[in-house]
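All remarks here apply to the structure that follows.
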Amino acid sequence: VTSPNDLRLYADTFRLGQVVTIICENAMRYAADGGALLITASQNDQAIIMTFRDYGQGVEPDFLPQLFDRFTRADSSRARHSGGSGLGLSIAKAIVEAHGGSLHATQPADGGLLIGITLPAR
């Protein structure tokens, strides 16, 4: 985890803790082969930005727009008991949006997945 300094955010700590847990658990479940998860936090005048960068296999590019939809999983062969219900990232998105923020995902050129959270700084 890297952060240049202490960041202050007016938010529901329990719910944002859920978001961080959901994203980290997804990285451990789906991207464990990459061996690392880099979490960064920074702030500008208007927002606090957190990124979660894993180095696993990533997802198919055409799946990115569906990543935060309810009941979706990147690997359709995963059983519900081992791959989750497909609700975690949609719950994370709802929590972030309830805080006035946004959640997005991109695929870095060298593989893996980067999930970003942008929350308004108040």
With a 3.5 Å cut-off and sequence neighbours excluded, list the donor-acceptor pairs that the side chains of residues 104-115 form with protein atoms.
from	atom 1	to	atom 2	distance (Å)
His104	ND1	Gly116	O	3.3
Gln107	NE2	Val59	O	2.5
Asp110	OD1	Arg53	NH2	2.5
Asp110	OD2	Arg53	NH2	3.3

Holding to side chain to side chain contact (heavy atoms under 4.5 Å, CB included), I want the full list of residues that pass it with [X], two or more places apart in sequence or in another chain.
X	result
Glu97	Lys93
Ser102	Thr118
Ile91	Ile22, Leu87, Ile95
Pro120	Arg122

Seminar exercise, completed: For Glu25, the side-chain hydrogen bond (donor to acceptor under 3.5 Å, both in side chains) test, sequence neighbours excluded, returns none
Problem set entry | His99 and Val19, any side-chain heavy atoms less than 4.5 Å apart | no
For this session: For residues Ile48 and Ile117, determine if any side-chain heavy atom of one lies less than 4.5 Å from a side-chain heavy atom of the other.
Result: no
Seminar exercise, completed: d(Leu67 CG, Asn26 CG) to nearest 0.5 Å is 8.0 Å
Exercise. When rounded to the nearest 0.5 angstrom, what distance separates CG in Leu103 from CD1 in Ile23?
Worked result: 5.0 Å
For this session: Consider only side-chain heavy atoms of I, L, V, M, F, W and Y, link residues closer than 4.5 Å, and tell whether Val96 and Ile49 are in one cluster.
Result: no
Side-chain donor-acceptor contacts of residues 35-45 below 3.5 Å, not counting sequence neighbours, with atom names and distances?
from	atom 1	to	atom 2	distance (Å)
Thr40	OG1	Thr51	OG1	2.3
Asn44	OD1	Gln46	N	2.8
Asn44	OD1	Ala47	N	2.8

